Amino acid sequence: MFETSFIELDKNALKANLGFIRIHIGEGRKLTCVVKGNAYGHGIEKYIPLAEAEGVDHFSVYSTDEAERVFKVKKPTTEIMIMGSVDNEGLKWAIENEIEVWIFEIDRLNEALNIAKKSGSKAKIHIELETGMHRTGFSNGQLNEAISTLKNNDQYFTLKGLCTHFAGAESITNFYRVKEQIKTYKRLVKKVEKSGLVAERKHACCSAAALRFPEMMMDMVRIGILQYGFWPSVESFIEYSKGKIPKEDPLKRLISWKSKLMSVKEVKTGDYVGYGTSYLAQRDTLMGIVPVGYGHGFTRSLSNQGRALVNGTRVQVMGTVNMNCIAIDISDVPNAKKGDTVTLIGYDGDLEVSVASFSEATNQLNYELLTRLPMHIPRFVI
Ligand SMILES: *Cc1c(COP(=O)(O)O)cnc(C)c1O
């Protein structure tokens, strides 16, 4: 099938990022690499072997379908943890395949224990504690029932973890809320431990929390965005680089997203380009059409805003982003012609289009844009 764009993954960048992460988290602490959202758009099937080659042996996903994809390509010894959605069928598959699952309600706990009883394989579970995110997790009241259920069934499970998730550790404005979560977490953990249950690992930190609350890294950290070379927020980079000279970014982006000029033509001064009247040519302009649009994850908010690189020159999106294509102004590109490479994300020579520079909005856009990159476009390791 002909694809209109492709993605490149830079394995040296991953090496650098994992090096940075490992120094930060220190020896003897488990690293699980979060690969939900199709490995943040990088592509699970390409990404897992790449990360394994750099020594990663534990991956975390959101749902069963993602776990199945990791399972198909991983080494036999690599472990998987599902942090979110699993139906009963998925739970059975997970338990039989020794996949770790977060348990955050009694129903799922009972189901997991039932499956374990029938199948003879112990359920590998992480008990998620509700500490103030108010998404999933056992709250203080429900925890009593969970504890007694666990105590009565101790031959059917391995307690892999006691965990929680912070509600926005990447932003200083959430500082108070996260501090309260930390207190609640400690209180709930004490309650579980008092009952005699012992978890292999306590864990709470995503990338931002690992940077901002290193004392909470405990036995394992769950790193998503950092491994791909992005900071969880602008703030987190500023905080990290404070007082450091030079303020060099230790993280390297793995991903490049590229397409080609599909068509080149001239528009005259005074012509409107594309739908409506949002772009009026103010000079005689050489225009290139690129076959990537919002249907491919190139968000509509980049209409008249987006940037790209062609032959080492920065160019701008003209008019609205269409479903399947954009127009770019290539008047200043030397020798621009049909078939030339267009870099939508990544480097062309010394110039870069970063995901965040797609918009002045927060880095939250990094997460969103990356995960919207279509699953089916080809990915190559370089
Ligand atoms: C997504 C996620 C992470 C990783 O978050 P990053 O900010 O990308 O590091 C960790 N834990 C849970 C529960 C998550 O859902």
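Every value quoted in this text rests on a predicted model; they were computed, and no experiment measured them. All residue numbers in this chain count up from 1 along the given sequence. Indexing begins at 1, ligand by ligand and atom by atom, following the structure's order.
- Counting heavy atoms under 4.0 Å from ligand 1, residue M83 touches it through the side chain alone.
- Set against the non-hydrogen atoms of Y367, the atoms of ligand 1 under 4.0 Å away are 6 (P), 7 (O), 8 (O).
- Transitive grouping of hydrophobic side chains (ILVMFWY, heavy atoms separated by less than 4.5 Å) keeps V34 and M216 in distinct clusters.
- Only the side chain of W102 comes within 4.0 Å of ligand 1, judged by heavy-atom distances.
- Residue contacts with ligand 1, taken as heavy atom pairs separated by less than 4.0 Å, do not involve E170 at all.
- Note on D350 versus R314: no salt bridge recorded, every NZ/NE/NH1/NH2 to OD/OE distance being 4.0 Å or above.
- Judged purely by atom type and a 3.5 angstrom limit, E130 uses its side chain to pair as donor or acceptor with the backbone of G132.
- For ligand 1, the atoms lying closer than 4.0 Å to a non-hydrogen atom of V34 are 3 (C), 4 (C).
- Numbered from 1 in the order shown, with element, the atoms of ligand 1 that lie under 4.0 Å from a heavy atom of K36 read 1 (C), 2 (C), 3 (C), 14 (C), 15 (O).
- For atom 11 (N) of ligand 1, the nearest protein heavy atom (residue, atom name, distance) is R222 NE, 2.9 Å.
- With a 6.0 Å radius and a threshold of 12 heavy atoms from other residues, nucleotides or ligands, K74 has its NZ atom above the threshold.
- When each atom of ligand 1 is checked for a heavy atom of Y40 under 4.0 Å away, the hits are 1 (C), 4 (C), 5 (O), 6 (P), 8 (O).
- Residue S195 forms a side chain to side chain contact (heavy atoms under 4.5 Å, CB included) with just one option from N144, L143, I147, and that option is I147.
- Listed by atom number, the atoms of ligand 1 under 4.0 Å from S207 heavy atoms are 6 (P), 9 (O).
- By the 4.0 Å N-to-carboxylate-O rule, E111 lies too far from R108 to be salt-bridged with it.
- By the 3.5 Å distance cut-off applied to N or O atoms, I225 is counted among the residues near ligand 1.
- In this structure, Y240 and F20 have perpendicular ring planes: the angle between them is above 60°, well past the 30° mark.
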